[in-house]
Q: 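Sharing a structure with you now.
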Amino acid sequence: LASKGFLETITWSFTDSKINQLFLENNKEVNIINPISLDLNVLRNSIFSNLIVYLSKNLDRGFKDISLFEIGPIFLGSQPGQQETVACGLRAGKISRLNWLDKERLVDVFDVKQDVVKSLVEAGFNQSKLHIDDKTPTYYHPGKSGRIFLNKDKERVVAYFGEIHPNILKKIDIKTESLAGFEI
């Protein structure tokens, strides 16, 4: 992911429950009994909940075109084994904003789809066997997102990608022209 222009972040495995609720889906939220801070009171259900906070802080400092990723655990429940390691990334702003050779354009679903597919191919999976459809979690924009399987049997989802839902952008009050992300 770093070779595709992303900057790696390392964040806590816990996050703010208000932001985590936006990415919860059907999973159970795991509360921390004695949190180190009031805004770090649950274990994260998605790395998006942390990445979006730090992306917003960078946008507030004047950086317009940002690509961040993190590899870390997400928690689907409080029992041992109810966690997964996920590679998650966010792209915000424009592509080629300061390039005099290429026209600038907003980051879109096809940019993050390309990032995911290239990463899977670099990890050793056959691109011709990948199967893509459009059923994604509700925090992705409907019609501008997708999920990837390693074969046509659709046994297990290996990745999600797409633009982040506009309602989430309004609730968090993020100041960017576009925001797209992925989870592997």
Side-chain angles (χ1 to χ4, degrees), residues 1-15 19-30 42-52 55 66-92 95 105-169 172 178-184:
L1 293 171
S3 69
K4 293 164 191 58
F6 285 83
L7 299 174
E8 185 173 12
T9 63
I10 300 172
T11 64
W12 298 104
S13 291
F14 23 92
T15 189
I19 296 173
N20 193 56
Q21 290 288 326
L22 301 172
F23 302 100
L24 191 57
E25 287 298 293
N26 297 325
N27 298 319
K28 182 180 146 191
E29 192 169 65
V30 182
V42 296
L43 292 174
R44 65 185 176 197
N45 290 93
S46 172
I47 296 178
F48 281 149
S49 59
N50 287 352
L51 278 184
I52 213 159
L55 183 96
I66 306 169
S67 297
L68 299 176
F69 82 96
E70 181 176 355
I71 300 172
I74 60 168
F75 300 87
L76 309 172
S78 59
Q79 300 301 315
Q82 290 182 323
Q83 72 181 45
E84 293 181 347
T85 300
V86 175
C88 184
L90 281 174
R91 281 186 175 262
I95 302 288
R105 62 177 177 76
L106 294 175
V107 169
D108 62 15
V109 63
F110 300 108
D111 295 315
V112 290
K113 176 184 174 185
Q114 180 181 12
D115 294 332
V116 170
V117 171
K118 281 186 175 181
S119 297
L120 290 173
V121 168
E122 289 168 359
F125 297 102
N126 187 344
Q127 183 174 350
S128 63
K129 291 185 179 180
L130 297 178
H131 183 72
I132 300 173
D133 70 13
D134 63 350
K135 294 177 177 66
T136 57
T138 57
Y139 48 86
Y140 286 104
H141 191 299
K144 294 183 180 181
S145 57
R147 64 181 178 172
I148 299 179
F149 298 91
L150 295 179
N151 55 39
K152 291 184 180 179
D153 296 337
K154 294 186 177 184
E155 291 170 8
R156 185 176 160 137
V157 177
V158 73
Y160 293 104
F161 64 89
E163 295 181 19
I164 304 300
H165 201 287
N167 291 342
I168 291 176
L169 301 181
I172 297 177
S178 67
L179 183 62
F182 62 85
E183 299 165 289
I184 301 173

Q: First locate atom OG of Ser178, then atom CG of Asp108, and finally report the distance between them rounded to the nearest 0.5 Å.
A: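 Nearest 0.5 Å value for the OG-CG distance: 7.5 Å.
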
Q: Measure up the Phe23 and Phe48 rings against each other and bin them: parallel (under 30°), tilted (30 to 60°), perpendicular (over 60°).
A: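 Plane angle between 30° and 60°, so tilted.
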
Q: Distance-only, no hydrogens or angles: does the Asp134 side chain make a donor-acceptor pair with backbone N or O of Gly146 under 3.5 Å?
A: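 A pair under 3.5 Å: no.
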
Q: For Leu55 and Leu179, run side chain to side chain contact (heavy atoms under 4.5 Å, CB included): C-alpha distance rounded to whole Å, both residues' side-chain angles, the deciding distance at 0.1 Å, then the answer.
A: CA-CA 10 Å; Leu55 183 96; Leu179 183 62; 3.4 Å; yes

Q: Mind checking ring-ring contact (aromatic ring centres under 6.0 Å, His included) for Phe6 and listing every partner two or more places apart, or none if nothing turns up?
A: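 Expected list: Phe182.
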
Q: Could you tell me which residues satisfy side chain to side chain donor-acceptor pair (under 3.5 Å) with Tyr140, sequence neighbours excluded, listed by chain and number?
A: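 By the side chain to side chain donor-acceptor pair (under 3.5 Å) rule, Tyr140 matches Glu183.
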
Q: Could you check whether any side-chain heavy atom of Phe69 comes within less than 4.5 Å of a side-chain heavy atom of Leu7, counting everything from C-beta outward?
A: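 They are not in contact (no side-chain heavy atoms under 4.5 Å apart), so the answer is no.
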
Q: Is the CG atom of Asn126 crowded by more than 12 outside heavy atoms at less than 6.0 Å?
A: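 Yes, CG of Asn126 has more than 12 neighbouring heavy atoms, counting only those of other groups under 6.0 Å.
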
Q: Using a 4.5 Å cut-off on heavy atoms from C-beta on, say whether the side chain of Leu90 contacts that of Ile164.
A: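 The answer is yes, as the side chains (C-beta and beyond) meet within the 4.5 Å cut-off.
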
Q: Quick one, Phe161 and Ile132 - any side-chain contact, counting heavy atoms below 4.5 Å?
A: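 They are in side-chain contact.
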
Q: What's the separation between atom CG in Leu43 and atom CD in Glu29, rounded to the nearest 0.5 Å?
A: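 Between Leu43 CG and Glu29 CD, I get 9.5 Å after rounding to 0.5 Å.
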
Q: Ignoring hydrogens, what is the shortest heavy-atom contact between Leu51 and Cys88? Give both atom names and the distance.
A: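 Minimum heavy-atom contact is CD1-O, 3.6 Å.
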
Q: Do Asp111 and Arg105 have side-chain heavy atoms sitting under 4.5 Å apart?
A: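 Heavy-atom side-chain distance check passes, below 4.5 Å.
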
Q: Do Leu76 and Ile74 come within less than 4.5 Å of each other through their side chains, counting heavy atoms only?
A: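 Leu76 reaches Ile74 side chain to side chain.
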
Q: Tyr160 and Ser145: side chain to side chain contact (heavy atoms under 4.5 Å, CB included), yes or no, with the steps?
A: CA-CA 8 Å; Tyr160 293 104; Ser145 57; over 6 Å; no

Q: Any side-chain heavy atom of Arg44 within less than 4.5 Å of one from Pro73?
A: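 Result yes, sub-4.5 Å side-chain heavy-atom pair found.
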
Q: Under the rule for side chain to side chain donor-acceptor pair (under 3.5 Å), what residues qualify as partners of Thr15, not counting sequence neighbours?
A: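 So Thr15 forms a side chain to side chain donor-acceptor pair (under 3.5 Å) with Asn50.
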
Q: Go through Ser119 and Lys4 one step at a time and tell me if the side chain to side chain contact (heavy atoms under 4.5 Å, CB included) criterion holds.
A: CA-CA 9 Å; Ser119 297; Lys4 293 164 191 58; 3.4 Å; yes

Q: Determine whether Leu169 and His141 satisfy the following criterion, side chain to side chain contact (heavy atoms under 4.5 Å, CB included), listing intermediate values before the conclusion.
A: CA-CA 11 Å; Leu169 301 181; His141 191 299; over 6 Å; no

Q: Kindly compute the distance separating NZ (Lys152) from NZ (Lys154), expressed to the nearest 0.5 Å.
A: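 It is 11.0 Å, given to the nearest 0.5 Å.
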
Q: For a 4.5 angstrom cut-off between non-hydrogen side-chain atoms, does Val86 reach Ile184?
A: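 In short, these two side chains do not touch, never coming nearer than 4.5 Å.
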
Q: Taking all atoms of both residues into account, what is the closest heavy-atom pair of Gly162 and Val112, and its distance?
A: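 Between these two residues, the closest heavy atoms are N-CG2, 3.7 Å.
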
Q: Quick one: are Ser67 and Arg91 in side-chain contact, heavy atoms under 4.5 Å?
A: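 The answer is yes; the side chains approach within 4.5 Å.
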
Q: Please step through side chain to side chain donor-acceptor pair (under 3.5 Å) for the pair Thr138 and Glu25, ending with a clear verdict.
A: CA-CA 7 Å; Thr138 57; Glu25 287 298 293; 2.5 Å; yes

Q: How long is the gap from CG on Leu24 to CD1 on Ile19, to the nearest 0.5 Å?
A: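 Leu24 CG to Ile19 CD1: 13.5 Å, rounded to 0.5 Å.
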
Q: Heavy atoms only: give me the nearest Ala159-Val116 pair and the separation to one decimal.
A: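 So the two residues come closest at CB-CG1, 3.6 Å.
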
Q: Which distance, rounded to the nearest 0.5 Å, do you find between the CG of Leu120 and the CG of Asp115?
A: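 Rounded to the nearest 0.5 Å, the CG-CG separation comes to 11.0 Å.
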
Q: What is the distance from atom CD of Glu84 to atom CD of Gln82, rounded to the nearest 0.5 Å?
A: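 Going from CD on Glu84 over to CD on Gln82, the span is 10.5 Å.
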
